[in-house]
Amino acid sequence: MINAINKSGPFTHGASNVQKTMYTVLLALLPATAFNAYLFGWPALLLFVVTVGACVVIEAGCLILADQPMKAAFDGSAVLTGWLLAMSLPPWAPWWIGALGAVFAIALAKHTFGGLGQNMFNPAMVARVALLVSFPVVMTAWVLPHPLFSASAPGLGDALAITFGGQMPDSVSAASALGYVKTELSRGIPVTQSMAHVPDLMDMALGFRAGSMGETSAILILAGGLFLMARRIISWHTPLGVMGGLFLMGTLFHAIDPARYTDGMFHVMSGATFLGAFFIATDYVTSPVSKKGQLVFGAGVGVLTWVIRTYAGYPEGMAFAILLMNSLTPIIDQYTRPRAFGRTLKGEPLPLAGRDK
Amino acid sequence: MKLFPIRGGIHPDYRKEQSSERAIVALPLPALLYIPLQQHIGAPAEVLVSEGQAVKKGQMIARSTGAISAPQHAPTSGTVKAVTEIPAPHPSGLAQTTIVIEPDGRDEWAELPAAIADPFSADPQTIAERVAQSGIVGMGGAAFPSAVKLNLGSRFKLDTLLLNGAECEPYLTCDDRVMREHAGEIVDGARIMAHALGVPRVVIAIEDNKPQAIAAMTEAARAFAEIVVAGVPVQYPMGSERHLVQAITGRETPAKKLTADIGVVVHNVATARAVHHAVRFGRPLVARVVTVSGGAVREANNIEAPIGARVADLIAFCGGFASEPASLVNGGPMMGQPLPGLDVPVIKGMSGILALTAGETNTQPASPCIRCGTCVSICPCGLVPVEMAAFIRKDNFEAAARLGVMDCVSCGSCSWVCPSHIPLVHYFNYAKGMINAQERDRRKNEQTKVLAEAHTLRVEKAAEARRAMMAAKKAQAAAKTEEKANA
Ligand code: SF4
Ligand code: SF4
């Protein structure tokens, strides 16, 4: 007969599948990515292509080694990892940064754990942190925007030299706002003074500032995030947790000592906050499965990001914070399970209000 | 009416329009009818007829055995062709004892039990007895003997009879049609049931996507102040007993308890209609309305079919298949079971026969779980399907049980949403089976242990007694020798 005997229902299925989900996320990233490609020009585009391409190639290689169906290489998850990694790199970094990052992300962070769905840590963030620790100079060589077709923009030839020839022009490097404030602080210059030299919040929101591709243009990232919420790919819990945690910590400590601590709004608007909150902390595989858990997880990311930005040696703490919280995901999952129908939170049957005769 | 929210749930494609506007039609009598002895939860019925015997419509041909069981009746007049084993409409496809009747075409009623003249002054026990004798079982799919549920009034403090007309399963429209076309019969049946249960209030819950049914039922219930017709939100699985009770009363049935424990008894609307027939006319349950639908069937229909008509007869009545079905389902697409073939008969709990195309089933090979958490947020029982499945995959049933797999109502929502197309419900059903089997084994072992211990105790006692006897004998002997020696 046509039915496999003993197959349980349902005999119908919703329209969702993994591929569709992944590609929707990519679509949500597209506007911000396109805008940043415009801001940082050809070198950024080249790096982007190298990173994403390397991720897909390595994914395919790992699948062959693991003897798994090749189809999985095109489910969009490798592209997404590469894409997010590219967006967290300095846009003018050399090609091997992207390629090496792909090895870290796909081969080490993902496939040594068993491939899609098995990894404990966010692959793109593992790669970013590994690169940052190994190549701190290259990984913090930010440039100011050089919009495509503007006078200062490198042509394709120059771009090839930057990306593949390692010829980073000295003159263009710039500090990100977070880095600048941090350096100034370490020189004894209070936040109140250094803040006068960072781009104003409006510019930061729009993206006209130095940073990685994903750090600039909070507004387009936000638009992408809202799109994902509308499509029910993500919910508000994680992003709100991240932003809320960061904002509250920033605001609180700024109120205590404005000379030492930047304010909450600055924290929210700078660095990779938006990208992290909407696209990275929301990574399905490495974050909790329940909404309650996601709120806790997000808040943890926000608070830890603030702590790292404020006290640790690195100006940006989002990646570290996410990895730290990744490691707590199983525990958060365990403690944030929903209450089962007819049971107390502890799992005991609800008490009966004495209705027996 | 004030409603209460239920957790989670999904909004599948309902596809009810294929059959919702088709009035109920009676199936022409097929050449043979196959009546399995077990169409319900509980003990199978016991055959009362033998090969070659003539039977009349409504005559009892198998009687119930035990407290939870139901009798079977001849769906038409004719001759018993055989009492034999044939595959039952159960996914296992296992054979079951079945009475085969060849109709004589006269469709002649047997002498039926007299109508209960005034059911509202009748003893509740009398009504429950009539319902039991009429072979009525839950017609929403569960097929639990209805009389058992009508007796709950003696054990629990009840206040509400909830009539389930939610029909939240996609495709199915049989309840919708019955409500539209036989509203009065349902309302009467409901009132009789309410009387048997001793409850002052009846709520008839119907999903909002059936406005005509709501209108018809409201109209039919207008004269009765104790009956409320409530439109409930379209949210699968609204028709799940516990969830419907929560939506209507706000009360949450504690785990391992019955809805009766919180004062509510739930019956299906079609069951109420059957009760009306049984009480008012003495007619047993010998036919039911079945929705035949799905993209692979030529013409969808709501068919009033005699129990025992083969699925093939109903499909043929609908013009056969338009294309090779990818799936044949008994019931709705969410909670139904695969039909093992076209030769199985219509049984009392069969609400639908679906012939689905590959496009409709949208079956895809499973890929790894991406931990998207959707299954967690939609599970109406507040479970964590992703974690339970992970444990079951490793055969760790104990951990799955700790996470509540036995509380799962197999509604299918989690499988339906899973982007990785993981057959979660399949895992859970498998685990439930394993856990039940383990439980049985454990009980058996315990029993063996008790028996073995009793045995050892007996043996020991016997040995003790023997020893005592020997000692006594020895003492006697010793005494005798001593006596002799002394003598
Ligand atoms: S819906 Fe499927 S993919 Fe998502 S968490 Fe549940 S099991 Fe995993
Ligand atoms: S776990 Fe059970 S109750 Fe929860 S959605 Fe899945 S099938 Fe339904």
Side-chain angles (χ1 to χ4, degrees), chain A residues 1-22 68-69 71-72 75 77 114-118 232-235 283-291 293-294 329 333-334 337-344 347-357, chain B residues 7 10 12 91-93 155-157 170 242 252-257 261-263 325-329 333-341 354 356 360-364 367-373 376-377 380-384 386-387 404 407 412 415-417 419-421 423 425-426 429:
Chain A
M1 198 51 227
I2 25 195
N3 281 312
I5 289 301
N6 273 337
K7 156 96 171 61
S8 297
F11 301 92
T12 175
H13 195 281
S16 72
N17 61 42
V18 174
Q19 201 163 1
K20 222 185 252 175
T21 304
M22 295 293 173
Q68 281 172 0
K71 210 186 85 197
D75 62 13
S77 66
L116 182 63
Q118 304 297 308
R232 309 224 167 194
I233 302 276
I234 64 171
S235 66
D283 171 38
Y284 286 157
V285 175
T286 56
S287 67
V289 287
S290 74
K291 301 275 176 271
Q294 288 164 7
T329 292
D333 266 340
Q334 196 179 330
R337 289 196 191 112
R339 182 179 70 79
F341 189 97
R343 289 184 185 273
T344 62
E348 299 300 322
L350 287 178
L352 204 55
R355 281 178 172 270
D356 289 295
K357 263 193 182 166
Chain B
R7 182 183 199 276
I10 54 169
S92 69
R155 271 174 55 208
F156 298 97
K157 208 152 72 192
R242 283 153 194 259
E252 189 173 327
T253 315
K256 297 181 176 164
K257 295 282 177 197
D261 279 298
I262 55 168
S327 245
L328 267 183
V329 183
M334 295 302 296
M335 292 184 71
Q337 298 181 323
L339 274 172
L354 304 180
L356 304 174
E360 289 172 302
T361 54
N362 187 19
T363 315
Q364 286 174 30
S367 54
C369 167
I370 53 170
R371 288 176 45 83
C372 69
V376 181
S377 38
C381 293
L383 304 176
V384 195
V386 47
E387 283 187 71
D407 287 358
S415 296
W416 186 87
V417 291
S420 297
H421 284 254
V425 180
H426 195 59
N429 288 345

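Residue numbering restarts at 1 for every chain, and letters A, B, ... go by the order of the sequence lines.
Here the shortest heavy-atom pairing between A/Phe341 and B/Asp407 reads O-OD2, 4.4 Å. Nearest heavy-atom pair, A/Pro351 versus B/Pro254, reported as atom, atom and distance to 0.1 Å: O-CG, 4.1 Å. For B/Trp416 against A/Pro10, the heavy-atom pair with the smallest separation is N-CG, 4.1 Å.
Interatomic distance, OG of B/Ser377 versus CD of A/Gln294, reported as 7.5 Å (0.5 Å rounding). Of the inter-residue distances, the one linking B/Arg371 atom CZ with A/Asp283 atom CG reads 9.5 Å to the nearest 0.5 angstrom. Taking CZ of A/Arg339 as the reference point, atom SG of B/Cys381 lies at 11.5 Å (rounded to 0.5 Å). Here B/Glu360 contributes atom CD and A/His13 contributes atom NE2; the two are 15.5 Å apart, rounded to the nearest 0.5 Å.
Between B/Asn362 and A/Thr12 there is no side-chain heavy-atom pair separated by less than 4.5 Å. Counting heavy atoms from C-beta outward, A/Pro338 and B/Arg7 have side chains that approach closer than 4.5 Å.
Residue A/Ser287 touches chain B through its backbone alone, counting heavy-atom pairs closer than 4.5 Å. Contacts of B/Ser420 with chain A are made by both backbone and side-chain atoms, with heavy-atom separations under 4.5 Å. Looking at B/Pro380, only its backbone comes within 4.5 Å of chain A, counting heavy atoms on both sides. In this structure, the portion of A/Pro288 lying under 4.5 Å from any heavy atom of chain B is its backbone and not its side chain. With a 4.5 angstrom heavy-atom cutoff, B/Val425 touches chain A via backbone and side-chain atoms both. Looking at A/Asp75, neither its backbone nor its side chain comes within 4.5 Å of chain B, counting heavy atoms on both sides. For B/Ile370, the parts lying under 4.5 angstrom from a heavy atom of chain A are both the backbone and the side chain. No part of B/Thr363 comes within reach of chain A, as not one of its non-hydrogen atoms sits under 4.5 angstrom from that chain. For a residue to count as touching a neighbouring chain, one of its non-hydrogen atoms must lie under 4.5 Å from one of that chain's; by this rule B/Glu252 touches chain A with backbone and side chain alike. Interface remark: B/Met335 contributes no atoms to any contact with chain A (heavy atom separation under 4.5 Å). At a 4.5 Å heavy-atom cutoff, the contact between A/Ser290 and chain B is made by backbone and side-chain atoms alike. Within the 4.5 angstrom heavy-atom criterion, atoms from both the backbone and the side chain of B/Cys372 approach chain A.
Note: A/Ala340 leads A/Ala340, A/Ala72, A/Pro69, A/Gly117 in heavy-atom pairs under 4.5 Å with chain B. Counting heavy-atom pairs under 4.5 Å between each of B/Pro423, B/Gly382, B/Pro419, B/Gly373 and chain A puts B/Pro419 at the top. Counting heavy-atom pairs under 4.5 Å between each of A/Gly114, A/Ser77, A/Gly14, A/Gly293 and chain B puts A/Gly14 at the top.
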